[in-house]
Asker: 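Pasting a structure here, questions to come.
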Amino acid sequence: MTNDDMQKALKVCYEKALDGLPISKSVSELGTHYLNKYPSKESAAKHLINAQTTTSGFLTSLGGLITLPVAVPANITSVLYIQLRMIASIAYIGGFNPSDDEVQTMAYLCLTGTAISDVIKGTGIKIGQKVAVNTLKKIPQTVITKINQKVGFRLLTRFGEKGAVNLIKLVPGVSGVIGGAIDFASTKIIAQKAYNIFIEGRVM
């Protein structure tokens with residue numbers, strides 16, 4: 001895989017996440033469901049995260065990813081889709097428009113987990129506790145592009161170190177799904193970063 005491949009995979013997976021798949025809700029539908037069910041955005045986001053970081057949450061979101069037209073293994077695009085759908089839904093619950101470029105970039109940043117601050121600093125942006133989506137609105141598009149590229153490199157490293165087969169092992173016996181177990185720990189970290197940014201309004 002190249003960084004260009006990863007950039008294309010991120011873009012396609014994010015677009016698919018926004019629109020939803022035949023067997024899964026779109027980001028707005030999922031976000032609205034939790035907002036209607038719980039009394040606050042904080043409660044709604046926490047319950048969504050809990051549901052999406054369990055085995056059943058992953059399995060109900062997987063169908064149809066295998067055919068994504070990108071040069072990235074299907075097991076990797078499946079996880080990218082699931083994680084981006086969760087992040088974008090949290091953004092929606094927080095009152096952001098997931099279709100905005102800056103929200104999309106922050107969603108990508110969430111995928112880097114604990115490395116998010118290092119990625120931002122690597123672009124020359126000075127960050128503090130409250131640096132989030134509004135900060136990206138004030139910086140040039142070229143810097144946003146640079147952030148996206150750095151995220152791509154981080155993800156290439158992440159999948160390269162753990163190996164796609166080891167990272168993405170989905171539950172056996174489920175029709176059309178590759179067998180095994182998934183890296184829930186990293187997904188929970190990603191979810192927490194999304195909560196920090198889109199619900200609490202802070203990066204660190």
Side-chain angles (χ1 to χ4, degrees), residues 6-38 40-54 57-65 68 70 72 76-113 115-116 119-120 131-137 144-145 147-148 150-152 154-155 158 182-184 186-203:
M6 185 59 69
Q7 293 292 315
K8 291 176 184 176
L10 286 168
K11 184 176 185 296
V12 173
C13 288
Y14 193 81
E15 290 172 352
K16 291 284 186 181
L18 294 187
D19 296 336
L21 294 171
I23 68 165
S24 63
K25 295 178 180 178
S26 67
V27 162
S28 61
E29 290 171 334
L30 188 62
T32 298
H33 169 77
Y34 281 92
L35 282 171
N36 289 339
K37 191 172 181 179
Y38 297 99
S40 67
K41 65 180 183 181
E42 291 82 5
S43 179
K46 287 177 181 177
H47 280 87
L48 181 147
I49 289 169
N50 184 60
Q52 293 296 302
T53 53
T54 62
F58 275 96
L59 291 179
T60 56
S61 303
L62 281 173
L65 264 295
L68 283 182
V70 291
V72 174
I76 292 178
T77 57
S78 293
V79 169
L80 289 177
Y81 166 80
I82 294 163
Q83 292 176 340
L84 285 170
R85 178 172 174 261
M86 175 184 67
I87 296 166
S89 296
I90 294 170
Y92 181 89
I93 289 172
F96 296 93
N97 182 354
S99 297
D100 289 347
D101 289 344
E102 56 270 17
V103 175
Q104 184 171 347
T105 293
M106 292 305 294
Y108 289 177
L109 277 167
C110 289
L111 293 174
T112 66
I116 186 170
V119 173
I120 295 175
V131 173
V133 179
N134 288 336
T135 300
L136 290 182
K137 292 181 178 180
I144 291 181
T145 299
I147 292 174
N148 292 345
K150 285 186 174 293
V151 169
R154 283 278 180 172
L155 293 178
R158 168 186 159 191
I182 200 161
D183 189 350
F184 292 105
S186 66
T187 301
K188 288 182 179 179
I189 293 172
I190 289 167
Q192 185 59 53
K193 290 299 180 182
Y195 185 91
N196 292 346
I197 290 171
F198 295 114
I199 305 300
E200 297 180 334
R202 62 187 180 88
V203 171

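For this chain, numbers begin at 1 and follow the sequence in order. Heavy atoms only: backbone and side chains are in, while hydrogens, waters and symmetry mates are out.
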Asker: Just wondering, do M86 and I190 contact through their side chains at under 4.5 Å, heavy atoms?
Answerer: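 They are in side-chain contact.
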
Asker: Is T112 reaching over with its side chain to a backbone N or O of L109, donor-acceptor style, under 3.5 angstrom?
Answerer: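 Yes; at least one donor-acceptor contact below 3.5 Å.
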
Asker: As a quick check of understanding, evaluate salt bridge (Lys or Arg N to Asp or Glu O under 4.0 Å) for E42 and K46, giving each step before the final call.
Answerer: CA-CA 6 Å; E42 291 82 5; K46 287 177 181 177; over 6 Å; no

Asker: Taking all atoms of both residues into account, what is the closest heavy-atom pair of C110 and A194, and its distance?
Answerer: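 That would be SG-CA, 3.6 Å.
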
Asker: Classify the side-chain pair S89/Y34 by whether it contains a donor and acceptor separated by less than 3.5 Å.
Answerer: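 There is no such pair between these side chains.
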
Asker: Using every non-hydrogen atom in the two residues, find where E29 and K25 come nearest and quote the distance to one decimal.
Answerer: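 Looks like OE1-CA, 3.4 Å.
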
Asker: Would you please test Q7 and V151 for side-chain contact (heavy atoms from CB on, under 4.5 Å) and show each step?
Answerer: CA-CA 9 Å; Q7 293 292 315; V151 169; 5.6 Å; no

Asker: Between atom CE of M106 and atom CG of D101, what is the distance when rounded to the nearest 0.5 Å?
Answerer: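 If I round to the nearest 0.5 Å, the distance is 13.5 Å.
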
Asker: Could you walk me through whether C13 and L84 pass side-chain contact (heavy atoms from CB on, under 4.5 Å), step by step?
Answerer: CA-CA 7 Å; C13 288; L84 285 170; 4.0 Å; yes

Asker: Which pair of non-hydrogen atoms, one from L80 and one from A9, has the smallest distance, and what is that distance?
Answerer: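 In terms of heavy atoms, the two residues are closest at CD1-CB, 4.2 Å.
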
Asker: Any donor and acceptor pair, going by atom type alone, linking the side chain of R85 with main-chain N or O of G20 inside 3.5 Å?
Answerer: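 Flag not set: sc R85 to bb G20 has no pair under 3.5 Å.
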
Asker: For the CG atom of N148 and the OG1 atom of T105, what is their distance to the nearest 0.5 Å?
Answerer: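 Between atom CG of N148 and atom OG1 of T105 there are 4.0 Å.
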
Asker: Is any side-chain heavy atom of I147 less than 4.5 Å from a side-chain heavy atom of Y108?
Answerer: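 When only atoms from C-beta onward are counted, Y108 and I147 do not touch, as no gap falls below 4.5 Å.
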
Asker: Is there a donor-acceptor pair under 3.5 Å between the side chain of E15 and the backbone N or O of V12?
Answerer: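 No.
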
Asker: Are side-chain heavy atoms of F198 and Y92 found at a separation under 4.5 Å?
Answerer: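 Side-chain contact under 4.5 Å: no.
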
Asker: Identify the heavy atoms of A115 and R154 that sit nearest to each other, and give their distance.
Answerer: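 Looking at all heavy atoms of both residues, the closest pair is CB-NH1, 3.5 Å.
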
Asker: If the plane angle is over 60° it's perpendicular, under 30° parallel, otherwise tilted; pick one for H47 and Y38.
Answerer: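 Ring orientation, 0 to 90° scale: parallel.
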
Asker: Looking only at non-hydrogen atoms, find the nearest pair between P98 and A88 and report the distance.
Answerer: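 Scanning both residues, the minimum pair turns out to be CG-O, 3.7 Å.
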
Asker: State the OG1-CD distance between T187 and Q192, to the nearest 0.5 angstrom.
Answerer: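 Rounded to the nearest 0.5 Å, the OG1-CD separation comes to 13.5 Å.
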
Asker: To the nearest 0.5 Å, what is the distance between CD1 (I93) and OG (S43)?
Answerer: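 The OG atom of S43 is 9.5 Å from CD1 of I93, to the nearest 0.5 Å.
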
Asker: If you round to the nearest 0.5 Å, how far is OG1 of T77 from CE of M6?
Answerer: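 Atom-to-atom, M6:CE and T77:OG1 are 9.5 Å apart.
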
Asker: Would you please say whether a donor-acceptor pair under 3.5 Å links the side chains of D100 and Q104?
Answerer: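 No, Q104 and D100 have no side-chain donor paired with an acceptor closer than 3.5 Å.
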
Asker: As an exercise, state the distance from CD1 of I199 to NZ of K41, rounded to the nearest 0.5 Å.
Answerer: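 With rounding to 0.5 Å, CD1 (I199) is 6.0 Å from NZ (K41).
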
Asker: Quick check: do L155 and L10 have side-chain heavy atoms less than 4.5 Å from each other?
Answerer: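 Yes, their side chains come closer than 4.5 Å.
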
Asker: Kindly say whether S99 contributes a backbone atom to a donor-acceptor pair with the side chain of N97 at under 3.5 angstrom?
Answerer: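 Indeed, once roles are kept as given, a pair shorter than 3.5 Å links the two residues.
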
